[in-house]
Every structure is written in structure tokens, then in C-alpha cells.
Asker: 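Would you mind keeping the following structure in view while I ask a few things?
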Amino acid sequence: YNQLLRWDPTTDEFGCDLCESWKWEGANNIVFTLRQGVKFHNGKDLTIRDVTYSMRKAVGEIDKQPSRSGAALAPELQGFETRDDKTFVIKLKRASRTAIALLATDYFPIYPEGTTTEDLRSGPNGSGPFVLVEHIPGSTAKFERNPNYFKKGYPRLDRITLYFIPDENAGVAALLAGRVDRKDDAGRPVSREFTQRVSELVAQKKLVLISTPGVQFPTGLIFNVKKPPFDDIRVRKALALSIDRKALSAIATDGRGRDLLIYPPQEFNKWGMPVEWIRQQPGLRQPKNADVAEAKRLLAEAGFTPAKMRDTKLTLSGYGFTDEQSYMAQAVAGEVSKLGFSVSYEGIDPGIYHGVMEAQKHQMTHFGFGKVIEEPAVVFQQWKCGGPENWAGYCNPKYDALYEKIASTLDAAELRELAHQAEQMVVFEDWVIAPTVVRPFDFVWWSYVKGWKPPPSYFYGMSHEQMYREE
């Protein structure tokens with residue numbers, strides 16, 4: 001598929017995809033001039049009616065089934081307008097940096113007017129650079145070059161085959177054997193033998209490896225602030241101080257976990273703080289002696305004697321039993337038990353996990369969230385009173401006022417400072433979430449693969465139109 005906008009790997013900026021140009025009109029309107037001569041894979045010409053329908057479907061106006069990005073944009077949306085056959089306008093309630101980033105995600109694809117959700121499940125009919133010619137569920141998907149692609153000279157490859165290999169070690173083996181040219185991270189541990197071999201080939205410049213934080217942030221232990229004993233800020237702070245992130249990393253990520261707050265460190269994310277600064281903060285610094293001593297003092301002050309802690313049953317609810325998310329959650333439960341509490345792990349079926357968390361009947365949970373985009377207005381929306389995925393039940397009018405500033409500012413420097421203030425408030429002032437560690441996602445490919453690099457988020461899509469093979 002194509003969108004109105006797309007992340008461009010050559011510039012690391014958002015630019016036109018199905019538009020010839022776009023601009024802000026006043027503070028609230030985004031005006032697009034559409035490309036002409038674009039055809040869908042079925043041969044139909046793209047029209048402004050297709051764009052209008054696709055956008056309305058994405059925000060839930062067609063069938064009340066918004067996409068993830070559409071659901072995030074809908075509260076800021078005033079409406080859509082078509083001025084002529086090639087001028088499309090998105091009208092917002094206020095100026096928004098977030099809108100542009102959302103429109104560039106895969107959740108705003110453009111398809112023919114009348115396309116239903118069932119049509120989308122049965123097979124794609126977009127205008128993108130490659131056409132699906134064969135799909136064996138759970139095995140392979142084969143694509144061939146779109147001969148009618150509207151970007152001259154692209155795509156640069158004639159065909160692409162995607163292999164679905166759920167076992168991470170089998171995927172690495174296929175790469176090392178030359179059966180695949182590029183391998184994307186499946187989010188599962190790799191054997192040390194394979195890790196060492198990949199490192200050797202990277203050092204020899206035969207392989208290229210880039211690590212990103214993926215989309216799993218924020219990641220941490222979230223307290224239900226309405227449930228005892230976590231309605232007492234001293235207990236929340238004590239647990240946050242006591243967790244040994246270095247031990248967690250060793251247990252759950254084979255030592256590769258990176259410290260984070262709400263955002264991953266600055267080396268991975270432009271909104272994050274320097275990793276050296278993060279490692280000096282309460283609960284994240286090493287050695288742990290001083291923080292553990294302060295945790296015990298806080299618990300004693302809150303009336304938790306050793307006997308009372310042994311008698312206090314805590315339950316950490318997690319995402320299933322076998323997912324990487326659950327491994328980390330069980331390791332966190334072990335860290336909490338070191339203080340003397342009786343802690344059990346409750347694995348919740350992934351199919352109902354989010355619903356259970358929204359009901360807020362849990363005491364605490366550990367989870368790595370996948371935010372659609374990294375813009376602060378999306379990331380920090382979670383902690384608003386009644387905000388989406390506010391599983392802590394947290395509500396602070398001071399925070400809400402700060403969030404309104406985050407959502408309305410267009411100045412990047414001001415936004416960075418506001419984001420840092422919000423991070424400080426939920427992590428170190430109100431102790432709503434105890435950030436843990438995030439495992440980097442690895443993308444590795446043979447050095448003859450050119451013209452591709454990982455996007456800043458999975459949700460910006462793995463565009464392959466510029467990728468080519470150097471002979």
C-alpha cells in the first residue's frame with residue numbers, strides 16, 4: 001500500500017507518498033495535492049474519493065473499526081474536505097505535530113472506495129511497489145515488481161520473498177546459510193553460538209547489524225494506585241527503588257537489556273535522556289545498597305514489618321506464560337519478592353490481557369507497550385485521567401495540565417522539556433511506573449543488500465522500494 005505521507009529512509013523525515021505536495025494552512029488545516037496517474041494493482045485509477053473513503057475508514061467513520069493510528073487521530077479531528085479532484089484537506093481541532101507522524105504510519109493505507117475489512121483480510125489491493133502473487137499462511141509470501149508503479153525507476157528489485165520463521169535460531173541459521181538475505185528480529189532470544197558468529201561476520205563487514213529499541217516502550221512495572229498496598233506512594237516507591245535492572249537484564253535478555261525511563265535512552269530515541277544520566281537516577285543506579293536500604297525504610301514507615309510483608313500476598317499479572325513479555329514479568333516478580341513480600345505471578349491469556357488490565361482489577365502488571373509513534377503527545381496520553389491504557393488508574397490534574405501543553409506545542413525544544421517533566425512526574429514524583437529494561441531489536445543483513453534501513457518504528461512500515469542487491 002501507499003499512504004498520503006511516508007517516512008523517507010534517505011532523509012529520516014516525513015514526505016509525500018501519494019501526494020505531490022502538502023502544507024499547513026493556518027494552524028489547523030493540512031492541505032494535500034494528490035498525485036495523478038496512480039493505479040491500484042487491479043488497474044483502477046486512484047481518485048480523491050478513494051482517499052476520502054480510506055481516511056474515513058481509518059478513523060472509524062465507516063464501520064466504527066478504526067485503525068490504531070486512526071483511533072489516535074480521531075480525537076484531534078474536525079473533519080475532511082475535498083476542494084477539487086486533487087485537493088484533499090484534513091481539518092484538525094488544533095495544531096498538531098502528532099497528526100503528520102500518524103499519517104505516515106501503515107495504519108493509514110489508501111485503497112479503493114468501498115473496500116471492506118473482509119476485503120483487506122482476503123488480500124491486498126493497494127498501489128504499492130510490489131504485488132502479492134502467492135501467499136502460504138505461516139510459510140511464505142511472494143511479491144513481484146509492480147510494472148505500473150507511479151515512482152519512476154522504482155522498485156529496484158524484481159521480486160521479494162518473505163519467509164515466516166517463528167523460531168529465532170532457525171531464522172539466524174537461514175541467514176548464515178545464505179538462504180535469506182535479510183533477517184528482522186522476531187523478539188526472541190538467540191543462542192550465544194549464533195550471536196558470536198553474527199558478531200564475527202559484522203566485524204568482517206560481511207554482515208550489517210543495526211539495533212533499535214523496537215516499539216516496546218514504555219516498559220515497566222505498573223502499579224494500580226487504587227488497590228492496596230499500592231494506594232500508598234511509599235510502597236510504590238519502595239518497590240521501584242528495590243528492582244535490580246542489571247539482574248533483570250541478565251535473567252530476561254541475556255545481558256542485552258537497556259535501561260530506560262518512559263523513553264529508551266537518547267542513543268535510540270531523540271526524546272530520551274542520555275543513558276549515563278538515566279543510570280544515576282533513584283532505582284536505576286548501581287550498586288543497589290543505598291536504594292534497597294531506602295526501600296526498607298519506606299516500607300517500615302508505611303507499617304510493613306517483616307512479618308506483615310510475609311503475610312501480604314502480592315500478585316503480578318503478566319502477558320501469558322511463554323511470550324518474552326512474560327519472561328520479563330516473572331523476573332520482575334522475583335525482584336519484588338526479595339524485599340520479603342509473598343509474590344505470585346498470574347499469567348493472563350494474551351487474547352484477554354488488555355481487557356483485564358482496562359478493568360483495573362489487578363494489583364500490578366509488567367508490560368512493554370508498543371506505541372504507534374514516538375511523539376510525546378501519543379506516548380504521554382497514557383497517564384491522563386481516563387487515558388487509553390492508563391492501567392494504573394492514575395489521575396493527577398497537574399499532570400493533565402502538563403499534557404495539554406505537550407499536545408498543543410509545535411516547538412521541538414519546548415516539547416522536549418515538557419516531555420522530560422512528564423517523565424519525571426510519573427516515574428519519580430508519583431511513582432506510577434517503575435521502568436525496567438528494554439531488549440534491543442536486531443536487524444541484520446548481508447552487506448550486498450543496499451538502500452534499506454530500519455524505520456524508527458515498526459509502524460512506519462518496511463518499505464522496500466529503494467532496496468537493491470549490489471552484485
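All values reported here derive from a predicted model rather than from experimental measurement.
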Asker: Would a line drawn from the ring center of His420 to the ring center of Trp271 be shorter than 6.0 Å?
Answerer: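 No, they do not, as the ring centres are separated by 6.0 Å or more.
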Asker: Which word best sums up how the rings of Trp391 and Phe367 line up, parallel for under 30°, tilted for 30 to 60°, or perpendicular for over 60°?
Answerer: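 Rings of Trp391 and Phe367: tilted, as their planes differ by 30° to 60°.
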Asker: Decide yes or no for Ile160 and Met467: does some side-chain heavy atom of the first lie under 4.5 Å from some side-chain heavy atom of the second?
Answerer: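 Yes; the side chains approach each other to less than 4.5 Å.
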Asker: Side chains of Gln421 and Glu417: do they bring a donor and an acceptor to under 3.5 Å?
Answerer: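 Side chains of Gln421 and Glu417: pair found under 3.5 Å.
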Asker: Once you measure the plane-to-plane angle for Tyr53 and Tyr111, does it fall in the parallel (<30°), tilted (30-60°) or perpendicular (>60°) bin?
Answerer: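 Perpendicular: the ring planes of Tyr53 and Tyr111 meet at over 60°.
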Asker: Less than 4.0 Å between a side-chain N and a carboxylate O, is that true for Arg94 and Glu404?
Answerer: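 Between Arg94 and Glu404 there is a salt bridge, with a charged N closer than 4.0 Å to a carboxylate O.
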Asker: Can you list the steps and then say if Leu92 with Leu73 is a side chain to side chain contact (heavy atoms under 4.5 Å, CB included)?
Answerer: CA-CA 9 Å; Leu92 303 171; Leu73 181 64; 4.1 Å; yes
Asker: Where do Ile165 and Gly171 come nearest, in terms of heavy atoms and distance?
Answerer: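 Heavy atoms only, the tightest pair is CG2-N, 3.6 Å.
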Asker: Do you know the tightest heavy-atom contact between Gly451 and Tyr468?
Answerer: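 Reported closest heavy-atom pair: N-CE2, 4.1 Å.
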Asker: For Asp259 and Arg279, what are the C-alpha separation, side-chain angles and deciding distance, and is it a salt bridge (Lys or Arg N to Asp or Glu O under 4.0 Å)?
Answerer: CA-CA 7 Å; Asp259 294 326; Arg279 289 174 178 168; 3.2 Å; yes
Asker: Would Met328 and Thr253 count as a side chain to side chain contact (heavy atoms under 4.5 Å, CB included) if you check the C-alpha gap in whole Å, the side-chain angles of each, and the deciding distance to 0.1 Å?
Answerer: CA-CA 8 Å; Met328 179 68 77; Thr253 72; 3.9 Å; yes
Asker: Would you say Thr105 and Ser69 are linked by a side-chain donor-acceptor pair, where the criterion is simply a distance under 3.5 Å?
Answerer: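 Checked: Ser69/Thr105 side chains pair up, N/O donor to acceptor below 3.5 Å.
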Asker: Do Val89 and Thr82 come close enough that some side-chain heavy atom pair is under 4.5 Å?
Answerer: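 Val89 vs Thr82: side chains apart.
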Asker: Kindly determine whether Tyr353 and Thr365 satisfy side chain to side chain donor-acceptor pair (under 3.5 Å), including the steps that lead there.
Answerer: CA-CA 10 Å; Tyr353 173 80; Thr365 187; 2.6 Å; yes
Asker: Search all heavy atoms of Thr436 against all heavy atoms of Leu260 and return the closest pair with its distance.
Answerer: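 The pair with the smallest heavy-atom distance is O-CD2, 3.6 Å.
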Asker: Arg145 and Pro155: which non-hydrogen atoms are nearest, and at how many Å?
Answerer: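 For Arg145 versus Pro155, the nearest heavy atoms are NE-O, 3.0 Å.
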Asker: Answer whether the closest heavy-atom distance between the side chains of Val432 and Trp383 falls below 4.5 Å.
Answerer: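 Touching, per the 4.5 Å side-chain cut-off.
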Asker: Going by the side-chain contact (heavy atoms from CB on, under 4.5 Å) test, name the single residue among Asp45, Asn2, Asp50, Thr115 that passes it with Phe40.
Answerer: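 Among Asp45, Asn2, Asp50, Thr115, the one that satisfies the side-chain contact (heavy atoms from CB on, under 4.5 Å) with Phe40 is Asp50.
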Asker: Of all the heavy-atom pairs spanning Arg35 and Cys16, show the shortest one and how long it is.
Answerer: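 Distance-wise, the nearest heavy atoms are NH2-O, 4.3 Å.
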Asker: Would the Phe217 and Tyr263 ring centres measure less than 6.0 Å apart?
Answerer: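 Yes; Tyr263 has its ring centre under 6.0 Å from that of Phe217.
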Asker: Give a yes or no on whether a salt bridge exists between Arg121 and Asp119, defined as a side-chain N under 4.0 angstrom from a carboxylate O.
Answerer: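 Salt bridge between Arg121 and Asp119, a charged N being under 4.0 Å from a carboxylate O: no.
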Asker: Going by heavy atoms in the side chains, are Ile406 and Leu415 under 4.5 Å from each other?
Answerer: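 Yes, at least one pair of side-chain atoms sits under 4.5 Å.
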Asker: Does a salt bridge link Glu25 with Arg83, judged by any charged N lying under 4.0 Å from a carboxylate O?
Answerer: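 Yes, Glu25 and Arg83 are salt-bridged.
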Asker: Would you say that Asp411 contacts Arg97 through its side chain, given a criterion of any heavy-atom pair below 4.5 Å between the two side chains?
Answerer: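 The answer is no; the side chains never approach within 4.5 Å.
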Asker: If we ignore angles and hydrogens, is there a donor and acceptor under 3.5 Å between the side chains of Asn28 and Gln78?
Answerer: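 Side chains of Asn28 and Gln78: no pair found under 3.5 Å.
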Asker: Would you say Tyr107 and Gln3 are linked by a side-chain donor-acceptor pair, where the criterion is simply a distance under 3.5 Å?
Answerer: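 The answer is no; no qualifying pair exists.
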Asker: Evaluate the ring pair (Phe, Tyr, Trp, His ring centres under 6.0 Å) criterion for residues Phe380 and Tyr403: first the C-alpha distance (whole Å), next the side-chain angles of each, then the deciding distance (0.1 Å), finally the verdict.
Answerer: CA-CA 7 Å; Phe380 289 105; Tyr403 176 79; 8.1 Å; no
Asker: Other residues, nucleotides and ligands only: do more than 12 of their heavy atoms fall within 6.0 Å of CD on Gln204?
Answerer: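 Counting other residues, nucleotides and ligands, CD of Gln204 exceeds 12 neighbours.
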Asker: Determine whether the side chains of Gln382 and Lys371 contain a donor N or O and an acceptor N or O closer than 3.5 Å.
Answerer: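 Side chains of Gln382 and Lys371: pair found under 3.5 Å.
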Asker: Under 4.5 Å between any side-chain heavy atoms of Glu465 and Tyr149, yes or no?
Answerer: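 Side chain of Glu465 against side chain of Tyr149, heavy atoms only: contact under 4.5 Å found.
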Asker: Say whether Ser67 and Lys57, considering side chains only, have a donor N or O and an acceptor N or O under 3.5 Å apart.
Answerer: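 Ser67 vs Lys57: no donor-acceptor pair found between side chains.
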Asker: Check the side chains of Asp181 and Tyr448 for a donor-acceptor pair under 3.5 angstrom, ignoring hydrogens and angles.
Answerer: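 Looking only at side-chain atoms, Asp181 and Tyr448 do form a donor-acceptor pair, the distance falling under 3.5 Å.
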Asker: State, to 0.1 Å, how close Gly257 and Ser249 come at their nearest heavy-atom pair, and which atoms those are.
Answerer: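 Heavy atoms of Gly257 and Ser249 come nearest at N-OG, 2.9 Å.
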Asker: Distance only, no hydrogens: is a donor on one side chain within 3.5 Å (strictly under) of an acceptor on the other, for Ser127 and His41?
Answerer: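 Short answer, no.
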Asker: What I want to check is whether the side chains of Thr409 and Glu414 have a donor and an acceptor closer together than 3.5 Å.
Answerer: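 Note: Thr409 and Glu414 side chains meet the donor-acceptor criterion.
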Asker: With respect to Glu113, which candidate in Arg49, Arg56, Lys44 satisfies the side chain to side chain donor-acceptor pair (under 3.5 Å) definition?
Answerer: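 One option only clears the test, and that one is Arg49.
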Asker: Answer yes or no: are there more than 12 heavy-atom neighbours, outside Lys246 itself, under 6.0 Å from its atom NZ?
Answerer: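 For Lys246, atom NZ is not crowded (no more than 12 foreign heavy atoms under 6.0 Å).
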Asker: Looking only at side-chain N and O atoms, does Thr47 offer a donor or acceptor that is under 3.5 Å from a partner on Asp85?
Answerer: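 No donor-acceptor contact under 3.5 Å links the two side chains.
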Asker: For Lys151, is the NZ atom crowded, meaning more than 12 foreign heavy atoms sit under 6.0 Å from it?
Answerer: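 Enclosed.
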Asker: Describe, in one word, how the ring planes of Phe443 and Trp452 are oriented to each other, choosing from parallel (under 30°), tilted (30 to 60°) and perpendicular (over 60°).
Answerer: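 Ring orientation of Phe443 relative to Trp452: tilted.
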Asker: May I have the step-by-step check of side chain to side chain contact (heavy atoms under 4.5 Å, CB included) for Met273 and Glu423, ending in yes or no?
Answerer: CA-CA 10 Å; Met273 299 298 291; Glu423 197 169 49; 3.9 Å; yes
Asker: Asp184 vs Arg182, test: salt bridge (Lys or Arg N to Asp or Glu O under 4.0 Å). Steps then yes/no.
Answerer: CA-CA 7 Å; Asp184 299 343; Arg182 195 190 86 211; 3.0 Å; yes
